[in-house]
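Each ligand, and each atom within it, is numbered from 1 in the order the structure gives.
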Amino acid sequence: MSAWQLKNTMIDIPVLTIDGPSGSGKGTVAQLMAKDLGWHYLDSGALYRVLAQASIKHGVELGDESSISTLAKNLDVVFLVKSGELEVLLEGWNVTTLIRSEQAGNAASKVAALPLVRNALLERQRDFRQLPGLVTDGRDMGTVVFPDASYKIFLNASAEVRGQRRYKQLKEKGIECNISDLITEISERDERDRNRTVAPLRPATDAIQLDSTSLGIESVFDRVRAILR
Ligand code: C5P
């Protein structure tokens, strides 16, 4: 198969992108959709979280763009799905719980603001586009990584509801947190994600926008499923 044919075959592989801020419910809905469709799943935020963890592990400053982009190119990360849950290994080390804290999210958003770093992770994310299809969630999946995606959703919710959801999620994972600190950290992270110069958090012009403030996950899932039909 020629490179041209291969490229066109790749483009025919359907992609559903679900972008939105932290706590909008995008990760849960994306995982449910991937299971429902029998498609692959990419949690792009986990890549940035693991990369921030790798930087800390190797003693690299979170603003050191050149060193972090080198780490990104060589990042040894493995995603496994075990009993329906995503397990993440960094250099063979299980970082599944470690990368989920709000501090890890904040560190991720610092490395994610660096243009060379985003560029270094681009092809790695696109490699997840495999048959029969891909469901992916993040901030720039519909705008930058998969601009030709077949279906694009942008999920939002009020800051207060997002804070409460994150609090519940972290508690369930056994991660200690304080609700008011959490809301402050989420707001700082949103601010950084929305205002960075490269791939800022914003809906793609052809994305369907949903507000999950007063909707349960099941209702959001039903709506996304109806959109795909
Ligand atoms: O989605 P999650 O909260 O795990 O993402 C952690 C951080 O990684 C985000 O706050 C954002 O800065 C960054 N990120 C990104 N682009 C993506 C996914 C995540 O910049 N596609």
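Judged as a side-chain contact (heavy atoms from CB on, under 4.5 Å), and not counting sequence neighbours, the contacts of Val144 are Leu122, Asp140, Ala199.
Remark: minimum distance from atom 12 (O) of ligand 1 to any protein heavy atom is reached at Asp193 OD1, 2.6 Å. Summary of contacts: the protein heavy atom closest to atom 4 (O) of ligand 1 is Arg49 NE, 2.6 Å. Annotation: atom 6 (C) of ligand 1 to nearest protein heavy atom, Arg189 NH1, 3.4 Å. Of all protein heavy atoms, the one closest to atom 16 (N) of ligand 1 is Arg118 NH2, 3.0 Å. The protein heavy-atom contact nearest to atom 18 (C) of ligand 1 is Ser44 OG, 3.3 Å. Shortest contact from atom 13 (C) of ligand 1 to any protein heavy atom: Ala112 CB, 3.7 Å. Of the protein's non-hydrogen atoms, Tyr48 CD1, 3.7 Å is the one closest to atom 14 (N) of ligand 1.
Of the options Gly45, Ser24, Gly105, the smallest heavy-atom separation from atom 5 (O) of ligand 1 is shown by Gly45.
Heavy atoms from both the backbone and the side chain of Arg139 come within less than 4.0 Å of ligand 1. At a heavy-atom cutoff of 4.0 Å, ligand 1 is contacted by no atom of Arg194, backbone or side chain. By the criterion of a heavy-atom distance under 4.0 Å, both the backbone and the side chain of Asp140 are placed next to ligand 1.
Arg49 places no side-chain N or O within donor-acceptor distance of the main-chain N or O of Ala104, the cut-off being under 3.5 Å. No donor-acceptor distance shorter than 3.5 angstrom exists from the side chain of Ser158 to the backbone of Thr213, with no hydrogens or angles considered.
Follow the hydrophobic side-chain contacts under 4.5 Å out from Met33 and you reach Leu155 in the same cluster.
Under a 4.0 angstrom heavy-atom cut-off, Arg196 registers as being in contact with ligand 1. Under a 4.0 angstrom heavy-atom cut-off, Arg192 registers as lying outside contact with ligand 1.
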### Task
Check the pair Arg189 / Ser109 against side chain to side chain donor-acceptor pair (under 3.5 Å), numbers first and verdict last.
CA-CA 6 Å; Arg189 185 144 71 96; Ser109 108; 5.7 Å; no
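Near Met141, meaning under 4.0 Å from any of its heavy atoms, are these atoms of ligand 1: 21 (N). For ligand 1, the atoms sitting less than 4.0 Å from at least one non-hydrogen atom of Gly138 are 18 (C), 21 (N), numbered in the order shown with element in parentheses. For ligand 1 and Ser109, the ligand atoms under 4.0 Å from any heavy atom of the residue are 10 (O), 12 (O). Atoms of ligand 1 found under 4.0 Å from any heavy atom of Lys26 (numbered from 1 in listed order, with element): 1 (O).
An N or O contact shorter than 3.5 Å is missing between Asp137 and ligand 1 by distance.
Donor-acceptor pairing under 3.5 Å is lacking for the side chains of Ser44 and Arg124. Neither side chain, Tyr167 nor Asn178, offers a donor N or O lying under 3.5 Å from an acceptor on the other. His58 and Glu91 share a side-chain donor-acceptor pair at under 3.5 Å.
By the 4.0 Å N-to-carboxylate-O rule, Arg139 lies too far from Asp19 to be salt-bridged with it. With respect to the salt-bridge test (charged N to carboxylate O, under 4.0 angstrom), the residues Arg202 and Asp193 do not qualify. Using a 4.0 Å cut-off between a side-chain N of Lys or Arg and a carboxylate O of Asp or Glu, Arg126 and Glu123 qualify as a salt bridge.
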